[in-house]
Number of protein chains: 2
Amino acid sequence: MVARNRLTPAKVVDAALDLVDEHGVEGLTLAAVATRTGVAAPSLYKHVASLAELRAHVGVRVLENMTEWFTDAVLGLSGDEAVTALMHAYRAYVVRHPKRYSAVPVDPLHDEIQGAAGRKLMEVMFATLRGYGLEGSEAVHATRRLRVIVHGFASIEAEGGFGLPEGLDDTYDQLIRMYLDDLRGKS
Amino acid sequence: MVARNRLTPAKVVDAALDLVDEHGVEGLTLAAVATRTGVAAPSLYKHVASLAELRAHVGVRVLENMTEWFTDAVLGLSGDEAVTALMHAYRAYVVRHPKRYSAVPVDPLHDEIQGAAGRKLMEVMFATLRGYGLEGSEAVHATRRLRVIVHGFASIEAEGGFGLPEGLDDTYDQLIRMYLDDLRGKS
DNA sequence: CTGTGAAGCTAATGCCATTAGCTTCTCTCG
DNA sequence: CGAGAGAAGCTAATGGCATTAGCTTCACAG
């Protein structure tokens with residue numbers, strides 16, 4: 001029998017993610033996680049090596065969540081439809097969880113803990129561009145351009161960086177069209 | 001006569017900016033600024049209200065610096081030449097000062113301290129697009145798209161977010177061309 | 001020559017992460 | 001059934017940091 005109220009690394013990350021969603025990255029503190037999980041702060045070290053590591057695991061959780069969400073969004077679609085769906089899904093995720101998105105480091109690829117999760121997310125983007133007949137570095141460039149657009153827009157919107165939210169839907173539609181035209185123009 | 005070794009708010013921000021450049025935002029601590037300015041930590045409060053305020057002032061400094069740099073870059077140019085110069089200047093600034101760029105909040109527009117500096121920077125972008133005959137909200141959208149691209153690329157590059165730096169120049173050139181084509185297509 | 005205000009200092013508080021070392025509980029194996 | 005080992009939790013202690021309070025000093029103005 002597994003004990004009932006036992007804390008696990010997963011539960012610690014759950015609590016941490018909730019804190020990030022509610023109060024942003026600055027709100028993620030071991031003291032707060034301890035309170036929320038009903039445990040003394042030093043006890044957390046039985047499940048997590050440090051605050052830094054906990055932050056990394058939260059990042060993994062978010063990256064995996066995004067990957068799942070985006071995969072669902074593009075399943076069964078291809079070409080412009082798939083790209084459009086992916087871009088809308090990306091924005092929708094960030095609008096729904098703005099603080100969470102701001103907490104994910106932009107450079108997960110070289111991180112020991114987050115590397116795999118980051119690469120999987122990139123894979124989804126890369127795969128979505130299949131069918132455009134891009135070869136070698138062309139595909140890499142196209143993926144990068146896509147990432148620049150979705151991340152650029154999302155990170156600004158997540159932090160309220162556009163003045164008024166007036167017409168943001170239009171701006172995003174224009175970005176999507178710009179990207180699709182660009183893909184087409186290079187074929 | 002003004003005393004020689006007197007600390008001033010400006011000197012405090014100087015030291016803070018150096019710390020950010022060297023060790024990133026996390027490295028910006030009042031204790032470190034105190035050491036670097038040769039003063040006891042509490043003495044800083046004679047010049048700065050809090051660590052948060054100091055961070056905001058560092059942000060202002062960077063925004064002003066960027067504005068100056070970009071203004072120089074586009075002076076005397078117009079149309080595609082001006083846009084290209086602005087985009088290259090943006091990337092060049094961030095490559096030269098990556099940690100500094102990461103320290104600037106993405107939402108300076110609504111901040112009491114940084115609002116004016118943020119708006120001036122946006123003004124430069126907006127003005128660079130003069131001459132394309134964009135009317136009303138068209139100009140707003142075009143400015144936003146430009147910002148999305150330059151910020152998206154720069155923030156990823158600044159944190160080493162692209163896998164290898166292979167071919168990043170090409171990727172950026174493609175983004176510039178994409179944006180220019182987009183501007184042209186809408187005229 | 002004096003006194004006032006700014007700039008600096010030391011002492012103290014409180015929050016947080018992290019470490020050390022002890023206790024307790026649970027499951028496994030004899 | 002009965003240890004005993006290992007995991008998970010706890011309290012106490014340390015050290016870094018921001019911030020506040022209240023004192024001292026010093027340059028300058030009158």
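Throughout, protein chains are lettered first and strands after them, A, B, ... in sequence-line order, and every chain is numbered starting at 1.
In this structure B:Tyr101 satisfies the side chain to side chain donor-acceptor pair (under 3.5 Å) test together with B:Tyr90, B:His151, sequence neighbours excluded. Residues passing the side chain to side chain donor-acceptor pair (under 3.5 Å) test with B:Arg96, sequence neighbours excluded: none.
Protein atom NZ of B:Lys11 is 13 Å distant from nucleotide atom C1' of C:dA7, rounded to whole Å. With rounding to whole Å, A:Lys46 atom NZ is found 6 Å from D:dA8 atom C1'. Nucleotide D:dT19 holds its C1' atom 14 Å from the CD atom of B:Glu53, rounded to whole Å. Atom CG in B:Leu7 sits about 9 Å away from atom P in C:dA7, given to the nearest Å. Following rounding to the nearest Å, B:His47 (NE2) and C:dG5 (P) show an atom-to-atom distance of 18 Å. Counting to the nearest Å, the C1' atom of D:dT19 and the CG atom of B:Leu54 are 14 Å from each other. Remark: P of C:dG5 and CZ of B:Arg6 are 15 Å apart, rounded to the nearest angstrom.
At the phosphate of C:dC9, OP1 or OP2 sits under 4.0 Å from a side-chain N or O atom of B:Ser43.
The salt bridge (Lys or Arg N to Asp or Glu O under 4.0 Å) analysis of residues 52-66 of chain B, with sequence neighbours excluded, yields the pairs B:Asp14-B:Arg61. Here salt bridge (Lys or Arg N to Asp or Glu O under 4.0 Å) pairs that include residues 98-123 of chain A, with residues two or more places apart or in two chains, are A:Asp21-A:Arg100. Legend: salt bridge (Lys or Arg N to Asp or Glu O under 4.0 Å) pairs involving residues 147-157 of chain A, not counting sequence neighbours, sorted by first then second residue: A:Arg91-A:Glu157.
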Would you tabulate the nitrogen or oxygen pairs shorter than 3.5 Å linking the protein to nucleotides 15-18 of chain C?
| unit_1 | atom_1 | unit_2 | atom_2 | d |
| --- | --- | --- | --- | --- |
| C:dC16 | O3' | A:Thr29 | OG1 | 3.2 |
| C:dA17 | OP1 | A:Thr29 | OG1 | 2.8 |
| C:dA17 | OP1 | A:Leu30 | N | 2.7 |
| C:dA17 | OP2 | A:Thr29 | OG1 | 3.0 |
| C:dA17 | OP2 | A:Leu30 | N | 3.3 |
| C:dA17 | OP2 | A:Ala31 | N | 2.8 |
| C:dT18 | OP2 | A:Tyr45 | OH | 2.7 |
| C:dT18 | OP2 | A:Leu51 | N | 3.0 |
| C:dT18 | O5' | A:Tyr45 | OH | 3.0 |

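For the side chain to side chain contact (heavy atoms under 4.5 Å, CB included) with A:Phe162, the qualifying choice from B:Val148, B:Val140, B:Leu109 is B:Val148, the only one to do so.
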